[in-house]
2 protein chains.
Amino acid sequence: MASKGATPTVSDVAERAGVSFATAARALGGYGYVGAASREKVEAAARELGYRQNDVARALASGSTRTVGLVIGDIENPFFATVSRGLADVLEGEGYTLLLANSDEDAGREARSIAALSSRVDGLVVAPAVSSGDQALRRPDKPLVVFDRTVRGLDVDSVAVDNAAAAGLAVRHLLELGHRRIGVVCAPSTISSTSARLRGYRAELKRAGIEVDDSLIERGPFTRADAHAAALRLLGRDDRPDAIFATENYMTEGVLLAARELGLRIPDDVALVGFDDAEWMPLVDPPVTAVAQPVFEIGQEAGRLLLARLAGETAPSRKVRLAARLVVRESCGAGASARR
Amino acid sequence: MASKGATPTVSDVAERAGVSFATAARALGGYGYVGAASREKVEAAARELGYRQNDVARALASGSTRTVGLVIGDIENPFFATVSRGLADVLEGEGYTLLLANSDEDAGREARSIAALSSRVDGLVVAPAVSSGDQALRRPDKPLVVFDRTVRGLDVDSVAVDNAAAAGLAVRHLLELGHRRIGVVCAPSTISSTSARLRGYRAELKRAGIEVDDSLIERGPFTRADAHAAALRLLGRDDRPDAIFATENYMTEGVLLAARELGLRIPDDVALVGFDDAEWMPLVDPPVTAVAQPVFEIGQEAGRLLLARLAGETAPSRKVRLAARLVVRESCGAGASARR
DNA sequence: CTGAAAGCGCTAACAG
DNA sequence: CTGTTAGCGCTTTCAG
């Protein structure tokens, strides 16, 4: 109903309220002193005009946006979704809004997402797609915290699980149940979390006196389809492994699918332990044993770290390492009798 | 290595390159005429100084951000994740960046997310949490497209599946397999898609000459835990239904879990048909029959609609309705013999 | 408490 | 092709 077609500005409101621009701006912006009478007039005028703050202008003038950006690898991966909830949870308490961008685990897209966000937010949290970190991550003059993965030579706050130890948990479980020939289906090892899990796998095998057979390690890219293909290769071998460690939830799905197609029974023909728990894992046949990360907490912790920086903390960077735990179900042969 | 501590601006680059501010701005901004020599000097200076565009300033000055915002109900719900990929897919082709915000299916949060985004983007796509639509949605002077749900009295472009018809598909399947007493576990019917699915359920029952028993309809809020509780109530009755229609993927998980806990076999003791397919559904025991929406396409279509508006299209609002299809697996009793 | 005025960093006319 | 000069809408001194 405003006379002008365009969105009303502070000046419009000021004029209508019969106060100076500065007073209207203060009342509308919620800063500085404003008398009760003026405030009322301004608020009424704003309501009548349908005034709405222009965040872009505010950001340019004040240099702060009260929002933080999150760049994730794959929005369809529940891991990232849950991290984002943990992060939002902590941020909201401080009045920050969270904006997300997806990188599809692609370095180029990641760089663009970071660029798109970095001038629009006060701080950034990122799960870097490549451990060798392009320029994109090095430059931001905004506070940055990385999670799940690390980047060589990038000294910033980070949150993650001890991936090598967590992988060890999974492999040891397999070993204890008598499996010796353990294959792995994993994401590309350019992702630092993947390579750490692989390291844990190797270490655990070594500790058990088993020689690592690299041909048993299948590296797919990221999709379920890739994991599926990799699992098919591994399980189709004459000398197929008697157990598989899937380093990520998509990989677990791929192995499950491949086993089903090949008519292989789990855990009798081949055992399976996954990394990353999922809601559906107790529901499949057989229920899947997997390493569970404290996902929500990872997001929360990242949020706390970032908030501290935004508040001006200047201490040296912190590396927060959370513990993962093994959720034993039936896909490795343990507890099968406990089935309901 | 810039002399000043702060991020270099166009003026800094111009000065260093020995050209005027405007020339540097043009070279850096990629608009207007710039001679090859000047361009080179500017680019060199920019590189040396580590110049980076300030998108906020650019947005304020140009009135355009080249980004669109997506407000979803629950980032952990794969439905939204996939829609967002479809949307990003279309948008990227036109050089737009996608920014996401989560509403947690809460009206207040939704309003805040919309507010946070709307002055930072050129257009918005939203899955409205409430069908009665607050002011938040009515005001934006930016192009808006809604998906999955509709809002009474809000005349904007929208994309969705024909929910009533799709629900009919699911219920008819159950009916054809001889199930008569069909319960439903659903989300709150304030969500327009849920109420449409319920409408489809009722219509199909009526068509089969079966009276609708409202006590067989359990409405939970949104979480898996709620769905789980609702399913427990329904399946715990003495006169428990012989089939259940779950109107959403979380609901399906809840029913599966409840049945397992109650020691009920699917489909023998109770049949189950879900709405929304998921990657794990073929993997559970038994594989779940469900209505599959063309999720990625919904995102793409929303993107196309929005792009058209951004390009200035001014035609009356369009309602795109996509078809869903039933994916028959084994949880209703059909095809059980086809099991591998 | 209120007003005037100077930018934030960039785009966009408008002259040269 | 290049330079000058207004703003975009708001925050922020600095005087009153």
Side-chain angles (χ1 to χ4, degrees), chain A residues 2 4-42 45-46 49-67 115-116 118-122 141-142, chain B residues 2 4-43 45-46 49-67 115 118-122 141-142:
Chain A
K4 327 248 181 183
T7 317
T9 73
V10 174
S11 309
D12 297 329
V13 175
E15 187 178 348
R16 170 137 192 160
V19 302
S20 79
F21 168 85
T23 300
R26 279 193 280 256
L28 262 13
Y31 56 90
Y33 296 95
V34 183
S38 306
R39 158 157 291 127
E40 217 156 280
K41 282 190 289 183
V42 171
L49 258 30
Y51 171 79
R52 299 160 73 188
Q53 275 192 170
N54 181 326
D55 290 342
V56 171
R58 172 196 280 261
L60 179 59
S62 73
S64 143
T65 61
R66 298 301 286 179
T67 95
S118 62
S119 66
R120 294 169 156 82
V121 299
D122 294 347
D141 16 273
K142 315 262 182 167
Chain B
K4 329 246 178 182
T7 317
T9 71
V10 174
S11 308
D12 297 329
V13 175
E15 187 178 347
R16 170 134 190 164
V19 300
S20 79
F21 168 85
T23 300
R26 280 193 279 255
L28 261 14
Y31 58 91
Y33 296 95
V34 183
S38 307
R39 158 155 292 129
E40 217 155 279
K41 282 191 290 183
V42 171
E43 276 165 0
L49 258 30
Y51 170 80
R52 299 159 73 187
Q53 274 193 174
N54 181 326
D55 291 342
V56 171
R58 171 197 281 262
L60 180 59
S62 72
S64 142
T65 61
R66 297 302 287 180
T67 95
S118 62
S119 66
R120 293 171 157 80
V121 299
D122 294 347
D141 18 272
K142 315 261 183 170

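The model shown is predicted, which means the values in this text are computed figures rather than measured ones.
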Student: Is the backbone of A:V121 close enough, under 3.5 Å, to the side chain of A:K142 for a donor and an acceptor to pair up by distance?
Tutor: yes
Student: Starting at atom CZ of A:R58, determine the distance to atom P of C:dC8, rounded to an integer number of angstrom.
Tutor: 19 Å
Student: Starting from P on D:dT2, measure out to OH on B:Y33 and report it in whole angstrom.
Tutor: 12 Å
Student: Reckon A:V56 touches a base, only the sugar-phosphate, or nothing at all at heavy-atom distances under 4.0 Å?
Tutor: nothing
Student: Let me know the distance between CG of A:D55 and P of D:dC8, rounded to the nearest Å.
Tutor: 18 Å
Student: Under 4.0 Å, counting only non-hydrogen atoms across every strand here, what does A:G35 touch: a base, just sugar-phosphate, or nothing?
Tutor: sugar-phosphate
Student: Do any side-chain nitrogens or oxygens of B:S38 fall under 4.0 Å of OP1 or OP2 in D:dT2?
Tutor: yes
Student: Which residue is it: B:Y33, B:F21, B:Y31? I am looking for the one with a side-chain contact (heavy atoms from CB on, under 4.5 Å) to B:R26.
Tutor: B:Y31
Student: Is A:R26 side chain donor-acceptor paired with the C:dG3 base, going by distance under 3.5 Å alone?
Tutor: yes
Student: Among C:dT2, D:dT4, D:dC10, which is the nearest nucleotide to the side chain of B:S20?
Tutor: D:dT4
Student: In whole angstrom, what separates B:Y31's OH from D:dT2's C1'?
Tutor: 13 Å
Student: Can you work out whether B:F21 or B:A61 has the more 5'-proximal nearest nucleotide on DNA chain D?
Tutor: B:F21
Student: Mind checking the CZ-CG spacing from B:R120 to A:N54? Nearest 0.5 Å is all I need.
Tutor: 9.5 Å
Student: If you only use heavy atoms from C-beta on, which nucleotide in D:dC10, D:dC1, C:dT2 is closest to the side chain of A:N54?
Tutor: D:dC10
Student: Nearest whole angstrom, please: distance from the C1' of D:dG3 to the CD of B:E15.
Tutor: 16 Å
Student: How do B:A57 and B:A22 order along DNA chain D: which one's closest nucleotide is nearer the 5' end?
Tutor: B:A22
Student: Could you tell me the separation between the CZ atom of B:R39 and the P atom of D:dC1, rounded to a whole number of Å?
Tutor: 10 Å
Student: Measure CG/B:L60 against C1'/C:dC10 and give the value in whole Å, please.
Tutor: 8 Å
Student: Using a 3.5 Å distance criterion without hydrogens, assess whether the side chain of A:T65 forms a donor-acceptor pair with backbone atoms of A:D122.
Tutor: yes
Student: Take the protein atom CG of A:L28 and the nucleotide atom P of D:dT11, then report the distance between them rounded to whole Å.
Tutor: 8 Å
Student: Are any of the side-chain heavy atoms of A:V19 and A:V42 separated by less than 4.5 Å?
Tutor: yes
